[in-house]
Amino acid sequence: MKQYRGALLDSELNNAIMEKMDELLAQLNPEQQKAVKITRGPILILAGAGSGKTRVITFRIAYLIRSKHVDPKNILAITFTNKAAGEMQSRIQNLLGSNHDVWIRTFHSTCAKILRGGAERIGIKRNFVIYDEYDQISVVKECLSDLEIDTKAFSPAYVAAVIDNVKENLAPASAIEDDTLRHIYNLYSKKLSEYNALDFDDLIMKVVELFKTDRDILEYYQNKFKYILVDEYQDTNRAQYVLTKMLAERHRNLCVVGDDDQSIYSWRGAEIKNILDFEADFPDTTVIKLQQNYRSTRRILKAASAVVSNNEYRKSKTLWCDNETGEKIVFFDADDSYTEAAYVARKIMELRLKDVSLGDIAVFYRVNYQSRLFEECFITYRIPYEVVGSLRFYERAEIKNVLAYLRVINNPDDAVSLKRIINIPSRKIGHETIEKITAYCEKEGMSIYEALHEIESIKRINTGTRKRIRDFTKMMDRHIKSQQQVDIYELAMQVVKDSGYLSSLSEDRTERDYIRRKNVEELLISMKDYVRERPDATLNDYLEEVSLRSDIDDWNESTERVNLMTLHNAKGLEFDVVFITGFEDGLIPHYKSQKDPKQYEEERRLLYVGITRARKQLYMTYARQRDMFRAGPSYTDLSPFYDEIPRDVMCAGYSFD
DNA sequence: CAGGAGGGGCTTTTT
DNA sequence: GCCCCTCCTG
């Protein structure tokens with residue numbers, strides 16, 4: 001009887017869900033419906049800007065679960081940022097009205113999670129640390145100095161780029177033709193494994209390695225992920241492509257979504273050919289093109305299409321729309337960058353009087369340092385603003401210092417972090433001492449942290465220094481022990497107090513130190529929140545999350561503030577009013593991208609991305625003079641892309657005085 | 001041997 | 001403008 005009632009309720013519930021699903025599907029155009037309903041086999045969804053992509057993806061996942069009764073555990077959805085993942089997570093939750101176990105993650109966090117489970121299989125310890133680009137540069141510098149290579153001949157940044165390139169393409173070290181670079185690469189790899197650290201690209205590469213080494217693990221994930229969806233497919237690199245292919249091989253229910261016109265990460269190894277060649281890779285692919293734009297006015301769309309149509313290397317498609325004609329694009333030709341900023345500020349004041357919400361306005365620029373002028377100007381005009389990016393919170397020195405302490409506690413082999421904090425605050429343990437310890441490590445084949453415990457056996461260190469090292473080591477050992485007993489917030493609190501770091505920041509009276517202290521406090525508060533939200537999380541979990549967090553993730557959309565960000569950060573977002581600033585030759589396109597035609601086309605796509613973010617009104621500004629930091633003001637030329645925008649959708653902005 | 005002071009260098013975009 | 005490296009001082 002009971003069972004019968006249950007079944008009845010279930011079927012009622014099901015009917016309600018099916019009705020709701022039908023209702024949802026009715027909101028979609030025929031192409032979008034196809035994109036939701038074709039669930040089997042490989043599918044390529046070419047989703048033009050503003051074509052309702054996010055909606056299609058979320059409906060698709062809801063449809064799989066509700067209408068096709070797919071277990072949420074069997075779905076993997078890959079997004080470009082954690083923020084996009086979080087948004088998708090909550091949208092699906094809203095659609096389904098309950099929690100679900102769909103894996104919605106970035107490539108990097110997916111891989112980190114897989115490695116936490118099976119890394120030991122390929123000789124990586126479970127508590128590995130993830131190195132960001134600055135940590136990576138530190139290791140490269142160590143390598144260069146160990147090998148006595150002049151940093152002028154091989155700049156650390158260049159070497160890091162070579163290393164990334166090799167890994168992004170899953171190439172073996174032997175593929176590096178230059179002997180010196182190959183040696184550096186090998187030493188770099190050796191150091192990372194000694195430090196029990198992985199860099200960003202390792203996360204992907206090591207998972208591929210793991211899958212090749214252990215068929216059982218691969219099969220486990222192949223069976224787990226019966227349905228795979230990859231968003232922003234145009235921005236995947238070779239390693240990510242191989243990984244995706246491995247995972248999808250068994251069930252072949254792979255849906256990739258992207259827009260070749262919005263591929264803007266080739267410099268990070270992204271291969272636009274992954275999306276262009278998808279049909280060749282999977283011959284039975286269903287191709288769906290979403291070409292109706294629901295976002296922008298006709299004029300904005302016309303400008304965007306005209307610009308991008310100058311690219312050779314693309315799948316041909318035409319975006320169209322039913323939307324309003326809209327206002328003309330306003331182009332403002334400023335005498336210099338200060339006038340440009342003032343123009344933007346005064347326009348924003350004007351918009352504000354017309355009841356445009358500040359949160360619906362965005363200012364885009366090509367490079368982060370352009371934000372400074374706008375910030376200064378907005379402060380004088382009392383315009384609330386928020387900078388997304390630039391000085392990233394987790395990359396600030398004081399934040400990295402605190403995290404470095406925690407990283408060492410979590411993984412004492414992490415030499416980069418250990419060297420970072422051993423003399424912060426000053427304990428009078430300097431370079432010379434570190435050098436001696438490192439030499440000892442080499443000889444004895446141990447980690448620095450181990451060597452610190454044998455400090456008495458290391459020669460030529462004076463007694464005072466020895467004592468200070470003993471004190472430091474004892475303190476760290478204490479924290480390593482107490483790690484299990486207290487939560488992350490408590491631990492961090494103890495560490496910043498015990499190490500003297502917090503008081504070292506409090507002693508100084510400069511404005512900067514005050515800001516630093518505030519930042520550390522902010523970090524501690526965020527840890528408290530983290531502990532409250534995820535009481536079971538380990539220190540390792542926390543550090544991983546922080547390493548993979550980008551700052552667009554923390555950005556809060558609904559605030560009443562003007563949004564300032566780079567064109568790259570603007571991807572995936574939309575605003576009523578958009579300002580594209582610095583519309584100059586050398587910035588858009590960036591001067592470093594002018595020689596290579598492929599890169600030049602990418603700059604055009606970047607502009608395309610910027611233009612298509614605007615719903616109602618677009619402003620573009622150009623400064624005839626711009627301060628190139630030290631060299632004083634220099635004269636600029638208008639962007640060559642200016643001529644690609646049809647004259648009839650544009651008009652000149654006026655100056656205010 | 002640590003750490004401050006001063007000079008040279010360079011800055012695209014970021015998971 | 002700022003950061004990093006090097007050299008010199010204490």
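Side chains are part of it too, since the values below use all heavy atoms of this structure and drop only hydrogens, waters and symmetry mates. Because the structure is a prediction, the values reported are computed rather than measured. The chains referred to below are lettered A, B, ... by the order of the sequence lines, with proteins before strands, and numbering in each begins at 1.
- Nearest to the side chain of A/Thr433, among B/dT14, B/dA2, B/dT12, sits B/dA2.
- More than 12 heavy atoms of other residues, nucleotides or ligands shown are found within 6.0 angstrom of CD on A/Glu454.
- In this structure, the NZ atom of A/Lys141 is 7 Å from the C1' atom of C/dC4, given to the nearest Å.
- A search for ring pair (Phe, Tyr, Trp, His ring centres under 6.0 Å) contacts involving A/His568 returns A/Tyr265, A/Trp267, not counting sequence neighbours.
- Taking only distance into account, the side chain of A/Trp267 meets the base of B/dT13 through a donor-acceptor pair shorter than 3.5 Å.
- Between the P atoms of B/dT13 and C/dC4, the separation comes to 15 Å (whole Å).
- Which of C/dC5, B/dT15, C/dG1 sits closest to the side chain of A/Arg372 comes down to C/dG1.
- Take the nearest nucleotide of DNA chain B for A/Arg366 and for A/Thr106: the residue whose nucleotide is more 5' is A/Arg366.
- Put simply, CG on A/Leu567 is 14 Å from C1' on B/dT14, counting in whole angstrom units.
- Along DNA chain B, the nucleotide closest to A/Ala157 and the one closest to A/Phe200 are compared, and the more 5′ of them pairs with A/Ala157.
- Ion pairing of A/Lys571 with A/Asp235 is present here, as a side-chain N (NZ or NE/NH1/NH2) and a carboxylate O approach within less than 4.0 Å.
- For A/Thr566, counting side-chain heavy atoms from C-beta on, the closest listed nucleotide (B/dT14, B/dT12, C/dC5) is B/dT14.
- Within a 6.0 Å radius of CZ in A/Arg238, other residues, nucleotides and ligands contribute 12 heavy atoms or fewer.
- Put simply, the side chain of A/Thr636 gets close to the backbone of A/Ala623: a donor and an acceptor are under 3.5 Å apart.
- Between A/Arg116 and A/Asp541 there is no salt bridge, since no side-chain N of the basic residue sits under 4.0 Å from a carboxylate O of the acidic one.
- Between the CD atom of A/Glu133 and the P atom of B/dT12 there is a distance of 11 Å, rounded to whole Å.
- One atom, CG of A/Leu587, and another, P of B/dT13, lie 11 Å apart when rounded to the nearest Å.
- In summary, A/Glu601 and A/Arg314 do not engage in a salt bridge, as defined by a charged side-chain N under 4.0 Å from a carboxylate O.
- Contact between the side-chain N/O atoms of A/Lys592 and the OP1/OP2 oxygens of B/dT13 is not found at any separation under 4.0 Å.
- We find that CD1 of A/Ile163 is positioned 20 Å from P of B/dT15, with the value rounded to whole Å.
- We find that the ring of A/His590 and the base of B/dT12 stack, their centres lying under 5.5 angstrom apart and their planes tilted less than 30°.
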Mind listing the N/O atom pairs, protein and nucleotides 3-6 of chain B, below 3.5 Å?
{"from": "B/dG3", "atom 1": "OP1", "to": "A/Ser426", "atom 2": "OG", "distance (Å)": "2.2"}
{"from": "B/dG3", "atom 1": "OP2", "to": "A/Asn423", "atom 2": "ND2", "distance (Å)": "2.8"}

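- Taking every side-chain heavy atom of A/Asn368 into account, B/dT14 is the closest of C/dC5, B/dT14, B/dT12.
- Put simply, OH on A/Tyr265 is 6 Å from P on B/dT14, counting in whole angstrom units.
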Got a list of protein N/O to nucleotides 8-10 of chain C N/O distances below 3.5 Å?
none

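- Of the C1' atoms belonging to C/dC5 and B/dT12, the separation is 24 Å, rounded to the nearest Å.
- Looking at heavy-atom distances under 4.0 Å, A/Phe80 makes contact with sugar-phosphate atoms alone, never a base.
- To the nearest angstrom, P of B/dC10 lies 15 Å from OH of A/Tyr369.
- Considering every non-hydrogen atom in both A/Ile421 and A/Ala404, the closest pair reads CG2-CB, 3.6 Å.
- In this entry the distance linking CD of A/Glu603 with P of B/dT12 reads 12 Å, nearest Å.
- At a threshold of 4.0 Å, the pair A/Arg372-A/Glu376 counts as salt-bridged, since one of the basic side-chain nitrogens sits closer than that to a carboxylate oxygen.
- Looking only at distances, no side-chain donor or acceptor of A/Asp202 sits under 3.5 Å from a matching main-chain atom of A/Ile130.
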